[in-house]
Amino acid sequence: MYQSWTEMTPDEANAFISEQPRHLLAEQDQWFQIAIADKHTDDLIGDIGICAHAPGTSAEIGFTLSPEAQGHGLAIEACRAAIDLAFSRDGVEVVEAIVDTRNLPAIALVERLGMSLDRTENAEFKGAVCSEHHFTLRRVE
């Protein structure tokens, strides 16, 4: 079950960090978390997860940003860097973001990234039934 960094104790956060792979996108179907820090204070303000899916032609990103850091363009900058990183992996042709249909700011963000709505599916998140939009962005040569 996903646990946001904002819900972790310092010991849980340190354990989580130590479990991360040593090479970005080293293994397929394994998530890699990257911290988002404030440029001026170096405070942790969010994170981005990246996962290259088997057979290696697609990757998924997910992101969390603290409420006080939202609305300043930081998430779009971090997501663009994560997308570039995903496309730097040989063979990745599509990057996907899955967003709860109620999360209007996240939907606006992925649309600003140039991602297109591919499909909507019913899902369960933290024990509650919801709907999720699947957005995709294809590699541009």
Side-chain angles (χ1 to χ4, degrees), residues 1-140:
M1 182 168 155
Y2 175 77
Q3 181 178 13
S4 171
W5 60 269
T6 59
E7 300 168 345
M8 291 182 183
T9 67
D11 286 342
E12 289 172 328
N14 286 330
F16 179 76
I17 290 167
S18 69
E19 294 169 0
Q20 294 301 297
R22 296 293 164 233
H23 301 287
L24 293 177
L25 302 174
E27 295 183 34
Q28 292 179 353
D29 296 320
Q30 182 177 359
W31 282 91
F32 186 88
Q33 299 298 125
I34 301 170
I36 303 172
D38 182 286
K39 288 180 185 179
H40 306 290
T41 65
D42 207 31
D43 290 340
L44 180 65
I45 57 172
D47 71 308
I48 292 187
I50 306 173
C51 180
H53 294 298
T57 58
S58 68
E60 183 179 341
I61 63 167
F63 49 88
T64 305
L65 196 65
S66 65
E68 56 275 1
Q70 294 175 12
H72 304 288
L74 303 172
I76 197 161
E77 182 180 350
C79 286
R80 282 187 179 132
I83 289 168
D84 289 346
L85 178 61
F87 281 136
S88 74
R89 182 182 172 105
D90 288 340
V92 172
E93 295 295 324
V94 176
V95 173
E96 180 179 43
I98 301 172
V99 181
D100 186 308
T101 59
R102 300 167 293 185
N103 191 341
L104 300 180
I107 292 168
L109 171 65
V110 296
E111 289 175 340
R112 282 194 311 274
L113 289 166
M115 300 183 104
S116 301
L117 180 61
D118 183 58
R119 66 189 182 284
T120 301
E121 297 179 349
N122 291 327
E124 185 177 320
F125 183 70
K126 295 186 177 183
V129 175
C130 65
S131 294
E132 295 176 329
H133 287 320
H134 292 244
F135 289 88
T136 58
L137 180 66
R138 301 206 174 277
R139 179 190 298 267
V140 178

Is there side-chain contact between I45 and L74, with at least one heavy-atom pair below 4.5 Å?
-> yes

Does any N or O in the side chain of T57 come within less than 3.5 Å of the main-chain N or O of G91, such that one atom is a donor and the other an acceptor?
-> no

Taken to the nearest 0.5 Å, the spacing of I98 CD1 from I61 CD1 works out to 11.0 Å

Other residues, nucleotides, ligands: >12 heavy atoms within 6.0 Å of D84 CG = yes

Kindly indicate whether the side chain of E93, heavy atoms from C-beta on, has any atom under 4.5 Å from the side chain of R139.
-> yes

Mind checking the SG-CD spacing from C51 to Q30? Nearest 0.5 Å is all I need.
-> 8.0 Å

Got F135 and I107 here, is their nearest side-chain heavy-atom distance under 4.5 Å?
-> yes

Within-4.5 Å side-chain heavy-atom neighbours: C79 and L109 | yes

Should I36 and L44 be marked as a side-chain contact (heavy atoms from CB on, under 4.5 Å) after you check the CA-CA gap, both sets of side-chain angles, and the distance that decides it?
-> CA-CA 6 Å; I36 303 172; L44 180 65; 5.7 Å; no

What heavy-atom pair brings F87 and V94 nearest, and what distance separates the two atoms?
-> CE2-N, 3.9 Å

Separation between NZ of K39 and NE2 of H72, rounded to the nearest 0.5 Å = 13.0 Å

Assess the side chains of E60 and H53: does a donor N or O sit below 3.5 Å from an acceptor N or O?
-> yes

The reported gap from CG in N103 to CZ in F125 (rounded to nearest 0.5 angstrom) is 10.0 Å

Measure the shortest side-chain to side-chain distance between L113 and L137 over non-hydrogen atoms and say whether it is less than 4.5 angstrom.
-> no

Would R138 and E96 pass as an ion pair if we require N to O under 4.0 Å?
-> no

For H133 and T120, test the side chains for any donor-to-acceptor distance below 3.5 angstrom and give the result as yes or no.
-> yes

Taking the side chain as every heavy atom from C-beta outward, state whether L85 and I34 have any atom pair closer than 4.5 Å.
-> yes

CZ (F32) and CG (D47) are apart, to the nearest 0.5 Å, by 11.5 Å

Does some side-chain heavy atom of T136 sit less than 4.5 Å from a side-chain heavy atom of V95?
-> no

Okay, side chain of N122, backbone of S131: is any donor-acceptor separation there less than 3.5 Å?
-> no

Counting N and O atoms only, with roles assigned by atom type, does the side chain of E111 sit under 3.5 Å from a partner on the main chain of S116, one being a donor and the other an acceptor?
-> no

So which heavy atom on G62 is nearest to which on W31, and how close?
-> N-CZ3, 4.1 Å

Nearest 0.5 Å please: distance from the OG1 atom of T64 over to the CD1 atom of I48.
-> 9.0 Å

